[in-house]
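Worksheet: one structure, shown below.
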Amino acid sequence: ATSGDTLTISDITMNITLPEDAGMMKMTIGEMSFTNQSDGTVAIGLPATMPLKINVMPKGEDPVDITLDYTNDGLSMVASGSANDMTYAYSAGAIGLKLKELIVEGKAIPVGAAEMSIRDVNGTSTMKVGNLRDIAQSFKAGAVTYNIDFANPENTAEFLKFNGALAALDFTGSGSYPMGEWDMNNM
């Protein structure tokens, strides 16, 4: 839906073929907005909490359904440039992921916790399109925390539990890949 300078897209779905034709994966995200700025840039908006639903449908096996909450505090994401040379600049006080539901073989798996949080996020991503698609990224963040707590639903004496933290993250990377369709299994 469009309102003024803002385009809002809801219930975005991506269908992905698993490698070696092993099945399909479908991912659905809630809502994104794109707002034209007076300087020609576009602000990309996400709600403070956005559900992510992932359905993995491997051939010959039962599907796995995953529901996550993506959270952000003060997210700013701005796209600039042209269609062939786009830069995304982003920052947030915090971003996080939390597992809300895991269904395997048609059964909900009890989850004590499965979550992570990254504070003081800042970064840029640049994509240039020519004969190749060139991507360059830089990312910095403050504290990272994670907490995992799963029990085996068939034997609660068996469990996986760990938590931890990192003081900071700093990443810089780049890569190029061919335009059009290409097979990651045949590179």
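These numbers come from a predicted model, not from an experiment. What's counted below: heavy atoms across the whole structure, side chains too, no hydrogens, waters or symmetry copies.
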* same_hphob_cluster(M86, L132) at 4.5 Å side-chain heavy-atom cutoff -> no

* Asked: Would S80 and T41 count as having a side-chain donor-acceptor pair, cut-off 3.5 Å?
  -> no

Can you give each donor-acceptor pair under 3.5 Å made by side-chain atoms of residues 48-72, sequence neighbours left out, with the distance rounded to 0.1 Å?
unit_1 : atom_1 : unit_2 : atom_2 : d
N55    : ND2    : D65    : OD1    : 2.7
K59    : NZ     : D21    : O      : 3.4
K59    : NZ     : D21    : OD2    : 2.8
N72    : OD1    : L75    : N      : 3.4
N72    : ND2    : P47    : O      : 2.9

* Quick one: are Y177 and I135 in side-chain contact, heavy atoms under 4.5 Å? -> yes

* To do: Please report the shortest heavy-atom distance between I118 and A141, naming the atom on each side.
  => CG2-CB, 3.4 Å

* Asked: At what distance, to the nearest 0.5 angstrom, does CG of L99 lie from CG of L97?
  -> 9.5 Å

* Asked: Considering only heavy atoms from C-beta outward, does the side chain of F150 approach that of P110 to under 4.5 Å?
  -> no

* Asked: Taking a hydrophobic cluster as the set of Ile, Leu, Val, Met, Phe, Trp and Tyr residues connected by side-chain heavy atoms closer than 4.5 Å, whether directly or through intermediates, do I103 and M27 fall within one such cluster?
  -> no

* Which distance, rounded to the nearest 0.5 Å, do you find between the NZ of K128 and the OG of S176? -> 10.5 Å

* **Heavy-atom side-chain contact between K26 and T13 under 4.5 Å** => yes

* Can you hop from M24 to M14 via hydrophobic side chains spaced under 4.5 Å? -> no

* Could you walk me through whether T124 and S138 pass the side chain to side chain donor-acceptor pair (under 3.5 Å) check? -> CA-CA 5 Å; T124 59; S138 65; 3.1 Å; yes

* Asked: Of the non-hydrogen atoms in A114 and I148, which two are nearest, and what is the gap between them?
  -> CA-CD1, 4.0 Å

* side-chain contact (heavy atoms from CB on, under 4.5 Å) assessment of D170 paired with F139 -> CA-CA 6 Å; D170 192 342; F139 174 86; over 6 Å; no

* How long is the span from the OG1 atom in T2 to the CG atom in L7, to the nearest 0.5 Å? -> 4.5 Å

* How does the hydrophobic cluster around V78 look, that is, which other residues are in it when side-chain heavy atoms under 4.5 Å mark a link? -> none

* How close do S33 and T6 get, heavy atom to heavy atom, and via which atoms? -> CB-CG2, 3.9 Å

* Are there more than 12 heavy atoms of other residues, nucleotides or ligands under 6.0 Å from atom CG of N131? -> no

* **Close side-chain approach of M77 and L46, heavy atoms under 4.5 Å** => yes

* Measure up the Y146 and F162 rings against each other and bin them: parallel (under 30°), tilted (30 to 60°), perpendicular (over 60°). => perpendicular

